[in-house]
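In what follows, chains carry the letters A, B, and so on, assigned in the order in which the sequence lines appear, proteins first and then strands, with residues in each chain numbered from 1. Only this structure's heavy atoms are used, side chains among them; waters, hydrogens and symmetry mates stay out.
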Number of protein chains: 2
Amino acid sequence: MPKTTTTYHHGDLRNALIQAGLSILQTDGEATLTLRKVAREAGVSHAAPYRHFADKTALLSAIAQQGFDLLTAQLQAAATDFSDTPQRILLETGLNYIQFARQYPDHFRLMFGGVLRAAGPDAPLRAAAEQTFAQVVNAVATSQACGIVKAGDTHQLATTAWSMAHGLADLAVEGMLGQPTNSTADVEQIARFSLQQLLVGLLGR
Amino acid sequence: MPKTTTTYHHGDLRNALIQAGLSILQTDGEATLTLRKVAREAGVSHAAPYRHFADKTALLSAIAQQGFDLLTAQLQAAATDFSDTPQRILLETGLNYIQFARQYPDHFRLMFGGVLRAAGPDAPLRAAAEQTFAQVVNAVATSQACGIVKAGDTHQLATTAWSMAHGLADLAVEGMLGQPTNSTADVEQIARFSLQQLLVGLLGR
DNA sequence: CCAAAAAAGTTTACACTGTCAACATAATGC
DNA sequence: GCATTATGTTGACAGTGTAAACTTTTTTGG
């Protein structure tokens with residue numbers, strides 16, 4: 001019977017629950033994301049999730065983790081896209097980061113909203129976040145190699161770059177960028193400008 | 001009878017509720033902040049808050065607004081402190097912003113977590129946020145006047161500076177700055193470094 | 001192969017939440 | 001002074017997260 005999908009009881013809940021939660025998150029936002037609704041959407045009883053997640057936070061944490069994985073993949077894809085023009089990698093990585101935040105605002109907010117802070121230093125969620133950060137470190141290292149960023153502590157420079165992109169992303173999601181219209185063009189413009197200003201500083205003369 | 005405090009029924013609930021909510025927020029975090037607990041703490045029945053706030057979100061919104069006011073005042077105080085060394089104003093404004101976030105992490109997260117996004121473009125909360133931003137604009141204008149930031153669209157440059165500080169603040173609150181220890185010294189160091197990098201870019205040669 | 005243990009899912013129950021409607025009381029304005 | 005409004009209370013309701021007891025399936029060791 002390995003014909004249909006998997007072997008045991010339901011198929012695999014846990015993934016189904018994460019998927020259901022993700023769907024609710026994207027359509028109705030975190031505020032309305034309830035454990036019972038997730039269970040309903042997955043077609044199981046309201047207590048079933050507790051066989052796979054210790055509590056609601058654990059489910060949210062898993063969803064957040066999936067978000068970091070997705071973001072990591074997206075940044076990596078961008079990096080390979082621009083592997084022949086390495087001078088652009090840092091800029092494009094930043095723009096991609098911001099685009100992700102705007103495309104999945106609730107997912108993005110969940111990723112950086114308390115779940116992370118609550119996660120201990122050795123939680124898998126934190127590891128996933130650091131893998132995303134590693135993508136930024138890569139971009140900085142590449143930029144250093146091609147002379148668009150000065151030599152120096154790569155990790156530190158990457159933290160700086162990450163902060164810039166993250167700040168732009170968060171303010172954009174919150175609707176505080178490009179005050180009146182807040183259009184895609186507005187955000188792209190200010191993001192491009194800001195990242196470029198930082199790059200000038202990171203070149204160092 | 002203007003002896004005690006105020007005139008009517010309770011004194012003034014609404015402020016008492018905001019204060020109680022603030023206290024809960026700072027000691028136990030947003031997750032445990034419940035409307036009924038706020039009412040209890042203020043010494044009124046569980047439905048009393050509805051005479052002053054349409055719903056829970058309205059209370060949270062008021063608390064967030066108070067946060068923006070506090071932050072604005074703090075940034076302004078920093079600005080006057082350094083009025084005789086204007087070259088430092090932007091740096092110090094940024095450091096102060098980050099310090100505020102670390103001092104009141106839950107308050108900070110509330111301010112930028114959904115309530116703002118949910119607030120319409122003409123909500124008082126948004127006005128309060130813009131007043132905070134105005135403080136950054138001031139710092140940039142001062143920096144331009146003393147030649148530490150190049151001429152150009154002040155508003156745009158301020159958005160850039162705000163994003164940098166905000167990104168640092170948010171990542172610091174989330175515990176993603178200064179990976180192992182995350183100590184105050186660590187955060188201060190990376191924040192100072194990052195802001196300075198940006199300043200180099202904003203000088204522009 | 002099959003009993004026994006473990007895993008996965010269900011039902012019932014409980015305390016607690018946000019919110020509403022009906023009611024009570026205090027303050028204010030004519 | 002009294003009617004109106006502002007403020008606060010009580011009681012109720014649907015919905016929530018979570019734990020305990022129970023059932024069903026799956027796995028597994030003799």
Side-chain angles (χ1 to χ4, degrees), chain A residues 1-25 27-64 106 110 113-115 118-119, chain B residues 1-25 27-64 106 110 113-115 118-119:
Chain A
M1 300 81 190
K3 202 55 189 295
T4 50
T5 41
T6 30
T7 48
Y8 43 95
H9 230 156
H10 160 276
D12 66 336
L13 249 179
R14 200 194 140 89
N15 276 32
L17 290 171
I18 292 176
Q19 200 54 37
L22 198 50
S23 158
I24 294 172
L25 192 64
T27 56
D28 298 327
E30 179 174 3
T32 75
L33 196 165
T34 155
L35 208 43
R36 290 169 107 109
K37 183 147 66 169
V38 170
R40 234 174 286 141
E41 184 127 335
V44 294
S45 79
H46 67 260
Y50 285 90
R51 300 295 143 174
H52 300 272
F53 300 99
D55 53 14
K56 186 184 181 183
T57 308
L59 207 213
L60 293 180
S61 208
I63 295 175
D106 285 276
L110 175 64
V115 230
Chain B
M1 304 83 193
K3 202 54 186 297
T4 53
T5 40
T6 29
T7 48
Y8 42 96
H9 231 160
H10 160 276
D12 68 333
L13 251 179
R14 198 193 142 88
N15 276 29
L17 290 171
I18 292 176
Q19 200 54 38
L22 198 51
S23 158
I24 294 172
L25 192 64
T27 56
D28 298 328
E30 178 174 6
T32 75
L33 196 165
T34 154
L35 209 44
R36 288 168 108 109
K37 183 146 67 169
V38 171
R40 236 174 285 142
E41 184 126 335
V44 293
S45 79
H46 66 259
Y50 285 89
R51 300 294 143 176
H52 300 272
F53 300 99
D55 52 15
K56 187 185 180 184
T57 308
L59 207 212
L60 293 180
S61 207
I63 295 174
D106 285 275
L110 176 64
V115 230

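With rounding to whole Å, Arg14(A) atom CZ is found 13 Å from dG9(C) atom P. What separates NE2 of His52(A) from P of dA8(C) is a distance of 6 Å, to the nearest Å. One atom, CG of Asp12(A), and another, C1' of dG9(C), lie 15 Å apart when rounded to the nearest Å. In this structure, Glu41(B) atom CD and dT17(C) atom P are separated by 13 Å, rounded to whole Å. Atom NZ in Lys37(A) sits roughly 10 Å away from atom P in dG17(D) (whole-Å rounding). One can place CG of Leu13(A) at 14 Å from P of dT26(D), the figure rounded to the nearest angstrom. The separation between Tyr50(B) atom OH and dC20(C) atom C1' is 9 Å, rounded to whole Å. Put simply, NZ on Lys56(B) is 14 Å from C1' on dG15(D), counting in whole angstrom units.
In this structure, Ile18(B) and Phe53(B) have side chains that are in contact, with non-hydrogen atoms separated by less than 4.5 Å. When side chains are defined from C-beta on, Leu60(B) counts as touching Glu30(B), because their heavy atoms get closer than 4.5 Å.
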Subject >> Step-by-step side chain to side chain contact (heavy atoms under 4.5 Å, CB included) determination, Asp106(A) to Leu110(A) >> reply: CA-CA 6 Å; Asp106(A) 285 276; Leu110(A) 175 64; over 6 Å; no

Sequence neighbours left out, cut at 3.5 Å: what donor-acceptor pairs do the side chains of residues 31-40 of chain A make with other protein atoms?
residue: Thr32(A); atom: OG1; partner: Gly29(A); partner atom: O; Å: 3.4
residue: Thr34(A); atom: OG1; partner: Arg36(A); partner atom: N; Å: 3.2
residue: Lys37(A); atom: NZ; partner: Thr32(A); partner atom: O; Å: 3.2

Subject >> Base versus backbone protein contacts along nucleotides 10-16 of chain C [heavy-atom cut-off under 4.0 Å; B, S, -] >> reply: BBBB---

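Closest-nucleotide positions on DNA chain D for Thr32(A) and Ala54(A) were compared, and the one nearer the 5' end corresponds to Thr32(A).
Within the structure, side-chain hydrogen bond (donor to acceptor under 3.5 Å, both in side chains) contacts touching residues 13-22 of chain B (residues at least two apart or in different chains) do not occur. For residues 41-50 of chain B, the pairs satisfying side-chain hydrogen bond (donor to acceptor under 3.5 Å, both in side chains) are Ser23(B)-Glu41(B), with sequence neighbours left out.
Closest to the side chain of Leu35(A), from the set dG17(D), dG18(C), dG8(D), is dG17(D).
Taking CG of Leu17(B) as the reference point, atom CG of Leu13(B) lies at 4.5 Å (rounded to 0.5 Å).
For the helix from dC1(C)-dG30(D) to dC30(C)-dG1(D), the end axes, each set by the C1' atoms of five terminal pairs, are bent relative to each other by 10° (nearest 10°).
A search for side chain to side chain contact (heavy atoms under 4.5 Å, CB included) contacts involving Asp55(A) returns Thr57(A), Ala58(A), not counting sequence neighbours.
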